[in-house]
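Everything below concerns the one structure shown next.
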There are 4 protein chains.
Amino acid sequence: MSPKWVRQPEARPGQILAAALEEFSRRGYRGATMEGIARAAGVTKGTIYLYFAGKEALFIATLRAQVTALAELLPGLRIEAEADLGDYARTMAARFLELLMTPSIAKAAPLFIGEINHMPALRRAYLEEWMPQFSMKLAAALESAMAAGVIRRLDPVITARTLMGMFTIFVLTQEVFEAKTVTPMRLEDIAETITTIFLEGVRNTR
Amino acid sequence: MSPKWVRQPEARPGQILAAALEEFSRRGYRGATMEGIARAAGVTKGTIYLYFAGKEALFIATLRAQVTALAELLPGLRIEAEADLGDYARTMAARFLELLMTPSIAKAAPLFIGEINHMPALRRAYLEEWMPQFSMKLAAALESAMAAGVIRRLDPVITARTLMGMFTIFVLTQEVFEAKTVTPMRLEDIAETITTIFLEGVRNTR
Amino acid sequence: MSPKWVRQPEARPGQILAAALEEFSRRGYRGATMEGIARAAGVTKGTIYLYFAGKEALFIATLRAQVTALAELLPGLRIEAEADLGDYARTMAARFLELLMTPSIAKAAPLFIGEINHMPALRRAYLEEWMPQFSMKLAAALESAMAAGVIRRLDPVITARTLMGMFTIFVLTQEVFEAKTVTPMRLEDIAETITTIFLEGVRNTR
Amino acid sequence: MSPKWVRQPEARPGQILAAALEEFSRRGYRGATMEGIARAAGVTKGTIYLYFAGKEALFIATLRAQVTALAELLPGLRIEAEADLGDYARTMAARFLELLMTPSIAKAAPLFIGEINHMPALRRAYLEEWMPQFSMKLAAALESAMAAGVIRRLDPVITARTLMGMFTIFVLTQEVFEAKTVTPMRLEDIAETITTIFLEGVRNTR
DNA sequence: TATGAATGAGGGTTCATTCAT
DNA sequence: AATGAATGAACCCTCATTCAT
């Protein structure tokens, strides 16, 4: 007779995180239930508490997993020479958009935005762990490009955020607002538009 | 002897909506309680139900009030001639940013993003009422500018969204992420940056 | 310009009682709302409190109105001679059934049964006011018939209740259980059956 | 140290149903609270929801338990020969009355009557589950007795209902109206009276 | 006399968390 | 390690009643 359940201490956290992302995404932080997550993960409620301290901790762990995944996929951003700036940027933009639109990652964005204001531990994770990894990194890359005279001198933090904004808003409008079904756009067109606007905007024409 | 309470059928909805925005913003949709909103509005729980059908309806009404406020403040967007395009756009951008950063409006954004995926009535309001008012309008304005040859020909919907994205991400980063306190930026700098990038990006250089 | 409302101190109680019976009957005591009753009566909530002390008092007044109506309609029950006992009883039974099945009266029965156990004031009204008017009266009539040797000697109280039971159960099954629509019966058949069974059962065959 | 609580998944439903009947009976459907029922059952509110979908479902389950109990106690009703009809019927009537007057069963009747008109699910249970078990069965038995010439030919459905009515009204008057304390009657007298009236009434004298 | 805005207590239900098994 | 029965706090909503107008 096969046992009713098997020990899988190695696999459990991953199963639970995957189920949690799915459930949190489908129903929101408050709307998702531990029961529902457990069922989706193929375990029972109590089991989750063996691996995570509680619902909030599970939520943050769920988002962290996506941030980590994105960071690992992220190529080292570097802007080198004016010559191939356009092609290089276009390629980068398309790849980055593709990453961002990875279903699991895109789903995490609105969850993050929806809760960060009401979950101190989440804000802490963002401010201390995640933000530095991204916008700071991008700002630094831009600054070096400005120093090299490749792009015009602008506030690097603001510029980085502008660039991130262009990407982010597409994730939000496409995934969050489900505009996909209303006004669908091709990924290549988006990348092309963003890149063109940004590059033309920041290119050093002097 | 002064009465225990006074009738204010005219003022009530506004009082409640203001309190609701404050509470929803502070604690999130699920975290806010009708009791708390009522207390903040200076009425009792039951009174809210005289004016709003329930928590969800109150939430949507709260957001609608901000959308309406923004729409009323919004100047008729018009892009006329290349000559003064830069100055005109810079002024417009600054004014628009100022509007968006109006505390009550900025607070509404993350609430909206956090719930739209799990509140069908809210999505309906957005898709049928609010979205057409903004991105469609902006896209139309851009299209006419393209037709006039003022700016380069790009997909007007994508371009409009890109532009909106630039603005939106600043609202989000400043208000949602409370980055204000971490990496403060001057409104004028933001407007200048956005405008420069966008205008340089879309100007018809032919 | 006609006034928004007119004073009708004479007509109000009757309007309210009629509306109350309708609403209580449709939704039950707890299910009916003062708001609903008021609306059905064409007045507003507050007005009801000008005429009735509260919901419970209104409920009892509603039932009392039906009891009074029935009592007024009720012919003086008298059983005279063996000769015309059958015809007389049959006629009486049919008339009584018809009275009982008067919509407003039939509606009151289940309301009464449903609440009497949980409403001390209602029980008091029943025990002290209403019951004596009916089963006591009937028992007395039966007792005199027994004394006259018209019907066999049986416990008059039990016999009276048995007779009342035959009628009551038809009201309940027809109106309460809405069996009408499932197994409809003609009033004459019911009266005939009850009368036959009862008369044959109680006739003094000695 | 003894545990704070013990698991009793087998016993819980029964405990809850017993407590529910008691509370519903004492305070009526609306008057009873889940909290009160839980306390009476020795559990907490939440536990009830592990076994019943909600208050209404609990209510219907409570009544169903009594109907089932009655049905199980009910002997196969059979009317065989004229010879011992009287004795047989008298015995049956007394036994049936005794069953009906079982405190838990008698308590269910007024609850049922009080709510059936305002609880669609309850009406469905009655019309589709419970009614067929009783009045239909009795009508069939009477019909066969008529066919056998044991009792006179009358509408079997009406006759069955008349008979049920005689019993029911005693339950109602004794338990519902708590007439017990006002005009107490001996069970045997009631059975004797009902049987006599009914049998004399329906006996085939031709 | 009539209105209806406002109150506020109360109850059904949900669900994160605990803990006996 | 895993289960799932049980807990209990919290919250939305209803509605009888009050009272300013």
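Here is the naming used below: chain letters follow the sequence lines, and residue numbers restart at 1 for every chain.
By the ring-ring contact (aromatic ring centres under 6.0 Å, His included) test, B:F59 is found to be paired with B:F24, B:Y29, residues two or more places apart in sequence or in another chain being considered. Every salt bridge (Lys or Arg N to Asp or Glu O under 4.0 Å) that A:R27 has, sequence neighbours left out, goes to A:E23. For D:S104, the side-chain hydrogen bond (donor to acceptor under 3.5 Å, both in side chains) criterion is met by D:Q66, not counting sequence neighbours. Considering only residues two or more places apart in sequence or on other chains, D:K55 meets the salt bridge (Lys or Arg N to Asp or Glu O under 4.0 Å) condition with none of them.
Atom pair A:L50:CG and F:dG4:P shows a separation of 13 Å (rounding to whole Å applied). Atom CZ of D:R12 and atom C1' of F:dA6 are 8 Å apart (whole Å). Distance B:E10 CD to F:dT21 C1': 14 Å, rounded to the nearest Å. The nearest whole Å value for the distance from the CZ atom in C:R30 to the C1' atom in F:dC13 is 18 Å. When the C1' atom of E:dG12 is taken as reference, atom CZ of D:F59 falls 16 Å away, rounded to whole Å. If you take CZ of D:R7 and C1' of F:dA5, they are 5 Å apart, rounded to a whole angstrom. A:E23 has its CD atom 15 Å from the C1' atom of E:dA16, to the nearest Å. Counting to the nearest Å, the C1' atom of E:dT18 and the CZ atom of A:F52 are 19 Å from each other.
As judged by a 4.0 angstrom heavy-atom cut-off over every strand, D:Y51 is placed among residues touching the sugar-phosphate backbone only.
Remark: DNA chain E forms stems of 3 or more consecutive Watson-Crick or G-U wobble pairs, all pair distances under 3.5 Å, at E:2-21 with F:2-21.
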### Task
Applying side-chain hydrogen bond (donor to acceptor under 3.5 Å, both in side chains), run through C:R123 and C:N117 and close with a yes or a no.
CA-CA 7 Å; C:R123 159 161 306 133; C:N117 268 340; 2.7 Å; yes

### Task
Take B:K45 and B:R39, measure what side chain to side chain contact (heavy atoms under 4.5 Å, CB included) needs, and give me the verdict at the end.
CA-CA 8 Å; B:K45 252 186 312 184; B:R39 201 168 29 238; over 6 Å; no

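Using modelled atom types, no side-chain atom of B:T47 and backbone atom of B:V43 make a donor-acceptor pair closer than 3.5 Å.
Remark on DNA chain F: of its neighbouring residues B:K55 and C:G54, the 5'-side contact belongs to B:K55, judged by nearest-heavy-atom nucleotide.
Counting only heavy atoms from C-beta outward, the side chains of A:R30 and A:E115 approach each other to under 4.5 Å. A heavy-atom distance below 4.5 Å is found between the side chains of B:L17 and B:L58.
A heavy atom closer than 4.0 Å to some atom of DNA chain F occurs in A:V43, A:T44, A:K45, A:G46, A:T47, these being the qualifying members of residues 31-47 of chain A.
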